[in-house]
S.K.: 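My questions will all concern the structure given below.
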Number of protein chains: 2
Amino acid sequence: MKISGASLDLNATEYGITLDPTFTMLEFDGLRVLPVQTEPLIPGHAPASVQVPAPQHSSVNLCAICADRATGKHYGASSCDGCKGFFRRSVRKNHAYTCRFSRQCVVDKDKRNQCRYCRLRKCFRAGMRKEAVQNERDRISCRREGQAVGTLTIDVLMQAEAFTHQNLSQNLMRDINTKKIACVGDVCESMKQQLLLLVEWAKRIPEFCELSVDDRVALLRAHSAEHLILGVARRSLPYNDIILLGNDFIIPFRGTEQEMSKVAARILEELVRPLKELNITDTEFVCLKTIVFFAPDCPGLQCAQAVRRLRFQAQVLLDEATSEQRGRFGELLLLLTTLQSVAWQMVEQLQLMRLLGKANVDSLLMEMLLGEEATRGPEALQASESDPEPLIFSTATESVLSRGILAEHIPMPNFTSVILPVPSSLPEDPLLPTHTGSEVFTHGQTADMTRETSSSLAMPTVHTCL
Amino acid sequence: MKISGASLDLNATEYGITLDPTFTMLEFDGLRVLPVQTEPLIPGHAPASVQVPAPQHSSVNLCAICADRATGKHYGASSCDGCKGFFRRSVRKNHAYTCRFSRQCVVDKDKRNQCRYCRLRKCFRAGMRKEAVQNERDRISCRREGQAVGTLTIDVLMQAEAFTHQNLSQNLMRDINTKKIACVGDVCESMKQQLLLLVEWAKRIPEFCELSVDDRVALLRAHSAEHLILGVARRSLPYNDIILLGNDFIIPFRGTEQEMSKVAARILEELVRPLKELNITDTEFVCLKTIVFFAPDCPGLQCAQAVRRLRFQAQVLLDEATSEQRGRFGELLLLLTTLQSVAWQMVEQLQLMRLLGKANVDSLLMEMLLGEEATRGPEALQASESDPEPLIFSTATESVLSRGILAEHIPMPNFTSVILPVPSSLPEDPLLPTHTGSEVFTHGQTADMTRETSSSLAMPTVHTCL
DNA sequence: TGAGTCGGGTCAAAGGTCCC
DNA sequence: AGGGACCTTTGACCCGACTC
């Protein structure tokens with residue numbers, strides 16, 4: 001805050017009392033030696049117009065303190081740069097000088113640095129006002145400092161994202177009209193691919209890799225449905241009323257299977273459309289994705305506080321990435337409630353279709369989307385819950401219900417599994433060769449990829465992917 | 001002028017951590033403007049686009065960035081000449097500033113030159129647009145409108161909120177230990193009270209009253225569960241591990257009925273705890289509530305765009321109410337996904353208990369929370385759906401499932417009802433006499449209130465409440 | 001039409017920088 | 001550890017096209 005209105009007054013008083021009892025700023029306004037010149041200035045016209053006692057080197061051109069060449073009026077007095085700087089520094093730092101002699105030192109160009117007390121006094125007497133010295137301002141120089149609130153950076157997130165998009169440009173090449181309409185099986189295949197990519201994406205975030213295995217698994221399980229929806233919505237941004245899957249199939253707004261049409265319509269209407277209107281950038285997208293990913297309320301999280309910090313960093317990054325447009329940050333964040341709603345509807349739909357035998361849901365989807373372990377049926381899961389609440393239904397339908405919301409907050413039981421090594425930092429080359437990437441993720445080679453990524457076990461689970 | 005050499009250091013200490021140096025403000029080019037509204041605003045009324053929390057005097061004359069005297073609207077925000085020039089120079093020269101502190105510097109008349117990063121960011125947040133800065137002297141013929149935020153104000157929201165809290169202080173008087181533990185019936189009673197209060201709250205927002213009846217009903221139905229949870233979380237903030245209902249019953253963290261304990265635990269853990277940590281203010285609370293309320297994705301909404309604008313205004317108000325603390329706005333908004341999750345779990349739990357006969361769910365709860373009309377069973381609702389999708393289950397269990405998520409986006413069929421008059425603007429005295437309020441909402445008089453509020457029909461519905 | 005608004009621009013006098 | 005020559009930024013003020 002403002003220090004020393006008081007101390008400066010004290011300072012001035014001190015000068016006034018010891019030297020010149022009549023010394024005050026107001027009086028100086030009156031008995032100013034130099035003309036106070038506040039008349040309307042004509043632009044381009046020198047302010048020296050009025051008072052011209054001496055022809056050439058009028059006093060306006062001379063420093064009123066030391067008679068050096070003046071560079072203009074400063075703080076109320078025509079002065080040189082030296083006296084200007086001296087006055088500013090003295091006032092800013094609230095310096096208290098003392099005269100070693102009898103306070104009658106000559107202050108001129110040569111001797112102005114011999115007595116700071118007398119120089120400052122002459123500044124005041126020449127009309128300089130301490131009020132004209134402003135607050136310290138921002139630095140101009142371009143040297144950079146300051147550091148991050150956390151370690152999460154846009155760069156890391158963008159690189160992780162780039163990895164999952166090596167097939168995107170290829171898809172864009174092909175005409176959208178030549179793509180085939182997806183059946184339920186195609187959708188499931190695409191989801192599986194994307195979930196594996198999500199795991200790979202996460203593994204490229206060093207902060208994720210530093211978490212415990214259980215927490216990594218918990219995070220991957222918790223909001224995978226949102227990530228699928230978010231990803232598909234982003235991929236579909238360039239098109240109209242068409243959802244483009246990761247394996248190059250499409251879901252049109254109309255004319256698809258009933259089971260998928262509702263979710264598809266909501267994706268297009270409630271997510272793709274707003275995202276189009278916002279014209280979301282890549283930076284914003286990865287921030288949103290990261291915010292969804294580091295979900296501190298995720299059930300069974302051991303280190304929820306660390307996850308909360310990471311999400312905080314991510315949302316601050318998004319805030320900064322959007323700060324040029326009022327309301328944009330909020331609009332993007334509010335899309336997450338919509339995303340959650342659509343994702344849950346998709347999960348319920350999937351669960352329903354699985355129970356009706358309309359969809360062949362494999363173990364990875366079971367674990368990450370439906371929140372169940374592939375090796376067990378829903379009954380086994382229920383039996384393993386520690387909650388003593390009596391079972392209300394024992395039919396498969398209960399599973400639909402409980403998977404939706406209730407069971408989301410039942411911690412998964414740990415089970416032994418093979419954990420593949422996790423990189424402790426970013427790999428030397430975070431991007432796989434483009435060739436491999438585009439080949440692996442092309443439709444028709446899904447099985448290869450699955451086998452490749454989870455090689456040590458026949459059955460893919462989140463644990464084995466890590 | 002005042003001297004404040006120490007202020008920066010003070011700030012630095014206060015802010016603590018600092019942030020990423022690589023950030024630049026002006027790296028984006030083609031950002032579009034948000035939910036574009038070109039609606040005709042009342043000329044001459046031009047509400048201050050942004051206003052500082054406190055003053056209610058003519059904020060139109062104050063600079064939205066630094067609160068200096070404004071010289072008019074510049075680049076989309078009411079601002080002073082200094083901020084006008086600063087914004088133009090920054091945009092023209094494509095400056096990239098860096099905050100030396102933690103990007104939450106105070107920007108006011110005295111300190112506006114201390115951090116150009118934070119000043120520029122505040123310019124954007126106040127509504128200034130890069131596009132409004134022209135390159136040369138040639139003017140763009142089309143005189144762009146100043147993007148006014150809207151008519152929603154903190155004052156109106158706070159007054160509406162005050163109405164619903166007339167009984168709060170009374171409750172606080174009584175010792176928390178003397179309160180009784182709620183049974184399921186008490187919870188349902190409390191919910192009904194609170195839902196009626198929600199209707200009254202909404203009716204005190206002029207912008208709500210200007211919507212069509214169908215839209216008003218749709219909004220009230222859409223997120224009532226979230227409002228119940230949000231309200232109960234806020235009411236419980238002063239206590240530890242105890243949920244305080246509106247009718248003065250309590251739900252302890254442990255020792256309540258199984259059906260309620262899970263939801264109660266999540267409310268305490270995932271909502272009350274973070275809200276305590278954030279120490280949410282009343283202003284922030286009403287903004288959050290309003291954001292939840294004006295849900296543009298709400299099914300069956302005719303005028304979704306208007307609702308979107310209102311939510312936009314509300315989130316900008318929240319942003320401004322939180323702008324002094326970095327990350328706070330985002331943390332508050334992210335609580336809404338948690339709120340949604342908890343609310344849905346509560347609805348499923350309630351649905352379950354209703355089906356099991358454990359809870360006596362009356363018609364208002366049915367309509368607002370479970371999304372069904374009281375006069376019909378679930379079968380009737382399904383039969384009225386226009387969607388030709390074949391029924392999969394015809395048991396009551398299907399209803400549980402579909403109510404959860406699927407049916408949320410099935411538009412409710414219209415039905416004739418009695419509509420009580422809606423005030424077209426704020427009533428002369430927006431607050432009912434305290435006497436009436438505190439009596440009506442005291443526990444034990446719920447039946448009276450219900451009868452009073454929906455007097456024209458024996459059966460309360462949202463329509464009749466309006 | 002004439003006052004009001006909001007783009008543009010200018011430049012005195014603030015500021016900061018950095019070698020001495 | 002200042003001093004001061006030299007450069008940058010600020011903002012009060014003005015102009016002019018356009019609107020009401």
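A note on names: the letters A, B, ... follow the listed sequences, proteins ahead of strands, and every chain is numbered from 1. Worth saying up front: this structure is predicted, and the values here are computed from it rather than measured.
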S.K.: Between the main-chain N or O of I65(A) and the side-chain N or O of K122(A), is there a donor-acceptor pair closer than 3.5 Å?
M.R.: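 Side chain of K122(A) to backbone of I65(A): a pair is present.
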
S.K.: Look only at the side chain of D68(A) and the backbone of C80(A), and say whether a donor-acceptor pair between them is shorter than 3.5 Å.
M.R.: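 A pair under 3.5 Å: no.
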
S.K.: Between atom NE2 in H74(A) and atom P in dA5(D), what is the gap in whole Å?
M.R.: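 Spelled out: NE2 on H74(A) to P on dA5(D) is 11 Å.
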
S.K.: Write down the distance between CD (E131(A)) and C1' (dG15(C)), rounded to a whole number of angstrom.
M.R.: 18 Å

S.K.: To the nearest angstrom, how far is N94(A) atom CG from dG2(D) atom P?
M.R.: 14 Å

S.K.: Ignoring the backbone of N113(A), work out which of dG2(D), dT9(D), dG3(D) is nearest its side chain.
M.R.: dG3(D)

S.K.: Rounded at 0.5 Å granularity, tell me how far SG in C123(A) sits from NZ in K84(A).
M.R.: 13.0 Å

S.K.: Determine whether M128(B) and S79(B) make a side-chain contact, defined as any pair of heavy atoms from C-beta on separated by less than 4.5 Å.
M.R.: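 Side-chain contact under 4.5 Å: yes.
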
S.K.: Can you check the Q134(A) CD to dA14(C) P distance for me, whole Å?
M.R.: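 These atoms are roughly 7 Å apart.
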
S.K.: Give a yes/no answer on whether the side chain of Y75(B) brings an N or O atom under 4.0 Å of OP1 or OP2 in dG8(C).
M.R.: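 Y75(B) to dG8(C) OP1/OP2: side-chain N or O found under 4.0 Å.
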
S.K.: Measure from the side-chain heavy atoms of R92(B) and tell me the nearest of dG9(C), dG2(D), dC13(D).
M.R.: dG9(C)

S.K.: Quickly work out the D68(A) CG to dC6(D) P distance and round it to whole Å.
M.R.: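 Computing the D68(A):CG to dC6(D):P distance gives 12 Å.
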
S.K.: Whole angstroms only, please: what is the NZ-P distance between K93(B) and dT8(D)?
M.R.: 8 Å

S.K.: Any base atoms under 4.0 Å from G85(A), or only sugar-phosphate, or nothing? Heavy atoms, all strands.
M.R.: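 No contact.
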
S.K.: Which one, dG3(D), dT9(D), dG7(C), comes nearest to the side chain of R116(A)?
M.R.: dG3(D)

S.K.: Both R89(B) and K84(B) contact DNA chain D. Taking the nearest nucleotide for each, which residue is further toward the 5' end?
M.R.: R89(B)

S.K.: Report the nucleotide, chosen from dC13(D), dC6(D), dA14(C), that has the shortest atom-to-atom distance to any side-chain atom of D81(A).
M.R.: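 The answer is dC6(D), which lies nearest to the side chain.
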
S.K.: When all nucleic acid strands are considered with a 4.0 Å heavy-atom cut-off, which category describes R119(A): base, sugar-phosphate, or nothing?
M.R.: sugar-phosphate

S.K.: Side-chain N or O of R112(A) versus OP1/OP2 of dG4(D): is the shortest distance under 4.0 Å?
M.R.: yes

S.K.: Expressed in angstrom and rounded to an integer, what is the separation of F87(B) atom CZ from dT9(D) atom C1'?
M.R.: 17 Å

S.K.: Nearest to the side chain of R88(B), heavy atoms from C-beta on, is which of dA14(C), dC6(C), dT10(C)?
M.R.: dT10(C)

S.K.: Under 6.0 Å from the ring centre and within 45 degrees of the ring axis: does the NZ or CZ of R112(A) meet both conditions for the six-membered ring of F86(A)?
M.R.: no

S.K.: Between P on dG16(C) and NE2 on H95(B), what's the gap in Å once rounded to a whole number?
M.R.: 16 Å

